[in-house]
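Protein chains get the first letters and strands the later ones, always in sequence-line order, with residue 1 at the start of each.
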There are 2 protein chains.
Amino acid sequence: MDLQKQRILIVDDHQMFIDGVKSLLRNQNIFSVVAEALDGKLALEALENQEIDIVISDINMPNMSGIELTKIIKSKYPEIKVIIVSMHNDRDTITEIMMAEAEGYILKNTGKKELFDALNSVSNYGTYYSNEVLSIMMEIVKKEKKSEKAVKNLTEREFEILNLIVQEFSSEEIAEKLFISKRTVDTHRINILNKTNSKTIVGLIKYAIANNLVE
Amino acid sequence: MDLQKQRILIVDDHQMFIDGVKSLLRNQNIFSVVAEALDGKLALEALENQEIDIVISDINMPNMSGIELTKIIKSKYPEIKVIIVSMHNDRDTITEIMMAEAEGYILKNTGKKELFDALNSVSNYGTYYSNEVLSIMMEIVKKEKKSEKAVKNLTEREFEILNLIVQEFSSEEIAEKLFISKRTVDTHRINILNKTNSKTIVGLIKYAIANNLVE
DNA sequence: ACTAAAATAGGTAATGATACTTATTTTATT
DNA sequence: AATAAAATAAGTATCATTACCTATTTTAGT
């Protein structure tokens, strides 16, 4: 008796993409696309109705992202492997995928060969991350460490003042608002500049916006 | 004798997408995918080597965007119809597509039916824009008009200086860089603040970032 | 060639931000 | 109770930004 084919669920809000993956998985006898879903909710319904071994999911979808979907799948069906597929390989995306503990992450410009490599790795060894993704992961590990130190060690008061600065209040106005001396605000200001490695208020605003420290 | 099939070239840096479109265009006798290309350069080569009636192109591609490709196609082969396919339907994208004068614009979550509608419209009437796109176009026409006044009436020089401000150069440094007086830069600065309704440089930076006037 | 818009620049002043230093008081942690 | 971290504040100085005004020269459009 043959080993059973690996049963695959494809999740993507773009029908074209689902068809693309299906066409890549035609004419072979290891994997079988047994279900498809256009969003996370439909994917979860599909998982309740049939046994699935591997989920291939897009990351950007309406209502529920591939990340959220992965987290739910991992908590309800820890034995199911998840491969996330994405257009972009930026830092934020990769970090989120790591957090969600997906077994694989490939880009949408992946060819047939790499898709099979990923599916095989995931169903046998455990994980698959493309070289592109791995090199970005290494960059993150290096860079994130030091920026984390700078970002996170702003004190509560400093955060409060940073927010007021971004809201266009001057040091004097902030002082009035917080019932403290303008000189104190100035001190906080300079400490904030130093901690965020900003030279001027322009850099600080950009930094605050880029790092989501405000709003 | 039959009418010749409409010859289609698909351009996308994601092989999966090309396969998806091809699978949607299987089993019918109006359109025929006779060529595919993974980027704009290869697409232009393909156009030199064979007759094409309709180009279906992705918008986000490395080296040359679908917009740039469309512009080149339109200047060299004005009789070829172009349908742009995109993930997103944001204002900027739609505006650019209008500028490039593509005959059609559909989203990647388009199903078989809409793809055929688009292809038929484009090869017969002339253009096809999905309802989603049309409604966004109307919003643009309404909103863009008023923000245009504030945003767009920055002069080239003012844009240049705004960019340098955002890059954390002081008025003095900007003056040196542009070989003009610091007083001139100051004047520009104040005009920029007025035109963007910003009270302080903090507001200006936020405004510039929010409106994509920089980077 | 004429006109409007844009770019140029200066005077004068007030206000704001930043640099560097020092020091006291509060608050949290062990 | 001791220590460290955070919040408070001020002195002094310099530099940068903004306000309000006026005015000339360049550039582009009809």
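Contact between A/Val166 and B/Val202 at its shortest, heavy atoms only, is O-CG1, 3.6 Å. Across B/Glu103 and B/Lys74, no two heavy atoms sit closer than the pair OE2-NZ, 2.6 Å.
Between C/dT8 and B/Arg183, no contact under 4.0 Å exists linking OP1 or OP2 to a side-chain N or O. Of the side-chain N and O atoms in A/Thr184, none sit less than 4.0 angstrom from OP1 or OP2 of D/dT8. The side chain of A/Thr155 places an N or O atom within less than 4.0 Å of a non-bridging phosphate oxygen (OP1 or OP2) of D/dA7. OP1 or OP2 of C/dA17 sits under 4.0 Å from a side-chain N or O of A/Ser171.
Taking atom CZ of residue A/Phe169 and atom C1' of nucleotide C/dG16, one finds them 16 Å apart after rounding to whole Å. What separates NE2 of A/His188 from P of C/dG16 is a distance of 19 Å, to the nearest Å. The interatomic distance linking A/Ile192 (CD1) with D/dA6 (C1') rounds to 13 Å, in whole Å. In this structure, the CG atom of B/Leu204 is 16 Å from the C1' atom of C/dG16, given to the nearest Å. Summarising the geometry, the separation between CG on A/Leu178 and C1' on D/dA7 is reported as 11 Å, rounded to the nearest angstrom. To the nearest angstrom, C1' of C/dA5 lies 12 Å from CG of B/Asn191. The distance from atom CD1 of B/Ile174 to atom C1' of C/dA7 is 15 Å, rounded to the nearest whole Å. In this entry the distance linking CD1 of A/Ile180 with C1' of C/dT25 reads 14 Å, nearest Å.
B/Ser181 comes within 4.0 angstrom of sugar-phosphate atoms only, judged by non-hydrogen atoms across all strands, and of no base. Among the protein residues, B/Arg157 comes within range of the sugar-phosphate backbone only, with heavy atoms under 4.0 Å from sugar or phosphate atoms but none that close to a base. B/Ile190 comes within contact range of at least one nucleobase, with a heavy-atom separation under 4.0 Å.
Rounded to the nearest 0.5 Å, atoms CG (A/Asp58) and CD1 (A/Ile84) are 8.5 Å apart.
Nucleotides of DNA chain C nearest to A/Lys182 and A/Thr187 differ in position, and the one nearer the 5' end is that of A/Lys182.
Nearest to the side-chain atoms of B/Glu158 among the listed nucleotides C/dG16, C/dA7, D/dA9 stands C/dA7. In the set C/dA9, C/dG16, C/dT18, C/dG16 carries the atom at the smallest distance from any side-chain atom of A/Glu172.
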What verdict does the salt bridge (charged side-chain N to carboxylate O under 4.0 Å, His left out) test give for A/Glu160 and A/Arg157, after you've listed the backbone C-alpha separation in whole Å, the side-chain angles of each residue and the deciding distance to 0.1 Å?
CA-CA 5 Å; A/Glu160 194 179 7; A/Arg157 194 58 150 177; 2.9 Å; yes

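One side chain, A/Thr200 or B/Glu168, offers a donor N or O that lies under 3.5 Å from an acceptor on the other.
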